[in-house]
Amino acid sequence: MAHLLDNQVAIITGSGRGIGAAAARMFALEGAKVVVTDLDREVSDQVAEEIVAGGGEAISHPGDVTGPKFADNILKATVEAYGKVNILVNNAGYTWDAMLHKMTDEQWQAMLDVHNTAPFRLIRAATPYMRDAAKKEMEAGQEPENRCIINISSTSGLHGNIGQINYATAKLGLVGLTKTVAKEWGAFGIRCNAVAFGYMDTRLTRPKEAGEKISVQGKDVDLGIPDKLRGGFEHLIPLRRGGTAEEAAGGILLMASPHAGYITGHTLEVTGGMGI
Ligand SMILES: NC(=O)c1ccc[n+]([C@@H]2O[C@H](COP(=O)([O-])OP(=O)(O)OC[C@H]3O[C@@H](n4cnc5c(N)ncnc54)[C@H](O)[C@@H]3O)[C@@H](O)[C@H]2O)c1
């Protein structure tokens, strides 16, 4: 039976847990060969092993997306393993909240590094395998393969959000990046879209009091939303509930699918209707 992503090779950053892991599993079920990658080696390896145990194809290439050599290394590893790259999902990210008047330069810069610089470097490192490969196919008179880039944004970027001036700025920056790539690489049949999530159930939106942390470059950052601020979202969401990681991954799959072949430069909001 044919699947949506048969013969496609996909890199999904931040795919050790949450939305990225759900996307990795879903892509593999749809026939893609998946490069799982995460800051945390253990969860990255686990997701890849799970996919392989279930009969899919995956490798794990853990690392910090903000590392200067990360982009070149993962593209090299991907092509060594699978010979090509069709889909790049820039999903790795986290929040480091504070009110504007208390936001440090370090917090500000960390969000630009992970949500803007890392995706930019990954896309640039994909040039030979995406842009140049498509150009060669076209010069040889062939139809270029399906190739696309999906950048994960947020309603915090589209609408702003209290306590997230760093994250909101970076997530809207990703939309400008997305549209520019769509315009520059559209000539080679390469699509570039953003998917902006609203309120999805992952450790980024669970109670801060649960004590979840991310450790980036030796620094621990608390994740989650203070419990007293979490309630009362539902009435702002037409579907009256937050979304699951799988529902978020569904939006990513939609954009990666060949059925989205004429959609580029778009920001798909996966929000249960929040903010309409
Ligand atoms: N959960 C939501 O409601 C929501 C809403 C809007 C946007 N998003 C975005 O969705 C994406 C996925 O988040 P999630 O909710 O699944 O969170 P999550 O914490 O469950 O998963 C994110 C993964 O990214 C990894 N990661 C973070 N920084 C990294 C780095 N520097 N290098 C490599 N890996 C790194 C983490 O280790 C983690 O496994 C993020 O970009 C986030 O900003 C989430």
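Side chains included, hydrogens not; waters and symmetry mates left out as well; all remaining heavy atoms used. In listed order, ligands and their atoms are each counted from 1. Because the structure is a prediction, the values reported are computed rather than measured.
For K171, the closest heavy-atom approach to ligand 1 falls below 4.0 Å. Residue G63 places a heavy atom under 4.0 Å from ligand 1. Using a non-hydrogen distance threshold of 4.0 Å, G198 registers as a contact of ligand 1. For the ligand labelled ligand 1, residue S153 lies inside the 4.0 Å heavy-atom shell.
Of the listed residues (V221, I252, I12, I152), the one carrying the non-hydrogen atom nearest atom 9 (C) of ligand 1 is I152. Closest to atom 25 (C) of ligand 1 by heavy atom, among D38, T37, L39, is D38. Between the choices A92, S215, G224, the shortest heavy-atom distance to atom 29 (C) of ligand 1 belongs to A92.
Of the possible polar contacts, none joining the N86 side chain to the R147 backbone as a donor-acceptor pair under 3.5 Å is found. A donor-acceptor contact shorter than 3.5 Å is absent between the side chain of D6 and the backbone of A2. At distances below 3.5 Å, at least one donor-acceptor pair connects side-chain atoms of R230 with backbone N or O atoms of T205. In this structure a side-chain-to-backbone donor-acceptor pair under 3.5 Å is present from R240 to I237. A donor-acceptor contact shorter than 3.5 Å links the side chain of N166 to the backbone of W96. Judged purely by atom type and a 3.5 angstrom limit, S156 has no side-chain atom pairing as donor or acceptor with the backbone of N161.
Proximity of I214 to ligand 1, defined as any heavy-atom pair under 4.0 Å, is confined to the side chain (atoms from C-beta onward). Under 4.0 angstrom from ligand 1, there are no non-hydrogen atoms of S156. Proximity of I19 to ligand 1, defined as any heavy-atom pair under 4.0 Å, is shared by backbone and side chain alike. Contacts between V114 and ligand 1 below 4.0 angstrom, taking non-hydrogen atoms only, involve the side chain exclusively.
Residue T202 has at least one nitrogen or oxygen atom sitting less than 3.5 Å from a nitrogen or oxygen atom of ligand 1, judged on distance alone. Between R17 and ligand 1, a contact under 3.5 Å exists for at least one N or O pair. For the pair Y167 and ligand 1, the shortest N or O to N or O distance falls below 3.5 Å. Residue contacts with ligand 1: G20 is placed with no nitrogen or oxygen under 3.5 Å of a nitrogen or oxygen of the ligand (distance criterion only).
From the protein, the heavy atom lying nearest to atom 23 (C) of ligand 1 is G14 O, 3.5 Å. With hydrogens left out, the protein atom closest to atom 31 (N) of ligand 1 is D64 OD1, 2.9 Å, a heavy atom. The protein non-hydrogen atom at the shortest distance from atom 20 (O) of ligand 1 is G18 CA, 3.4 Å. Counting protein heavy atoms only, atom 17 (O) of ligand 1 is closest to L204 CG, 3.4 Å. Among protein heavy atoms, the minimum distance from atom 32 (N) of ligand 1 is reached at V65 N, 2.9 Å. Considering only non-hydrogen protein atoms, atom 3 (O) of ligand 1 sits nearest to M200 N, 2.8 Å. Annotation: atom 18 (P) of ligand 1 to nearest protein heavy atom, R203 NE, 3.8 Å. Among all non-hydrogen protein atoms, the one lying nearest atom 40 (C) of ligand 1 is N91 O, 3.1 Å.
Contact of the M255 side chain with the L268 side chain is registered, since non-hydrogen atoms from C-beta on lie closer than 4.5 Å.
For the residue pair E49 / S60, no side-chain donor-acceptor distance below 3.5 Å is found, with atom types taken as modelled.
The number of heavy atoms from other shown groups lying within 6.0 Å of CD1 (I162) does not exceed 12. Within 6.0 Å of CG in D105 there are 12 or fewer heavy atoms belonging to other residues, nucleotides or ligands.
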Step-by-step salt bridge (Lys or Arg N to Asp or Glu O under 4.0 Å) determination, D201 to R206: CA-CA 7 Å; D201 178 33; R206 291 186 193 135; 2.9 Å; yes

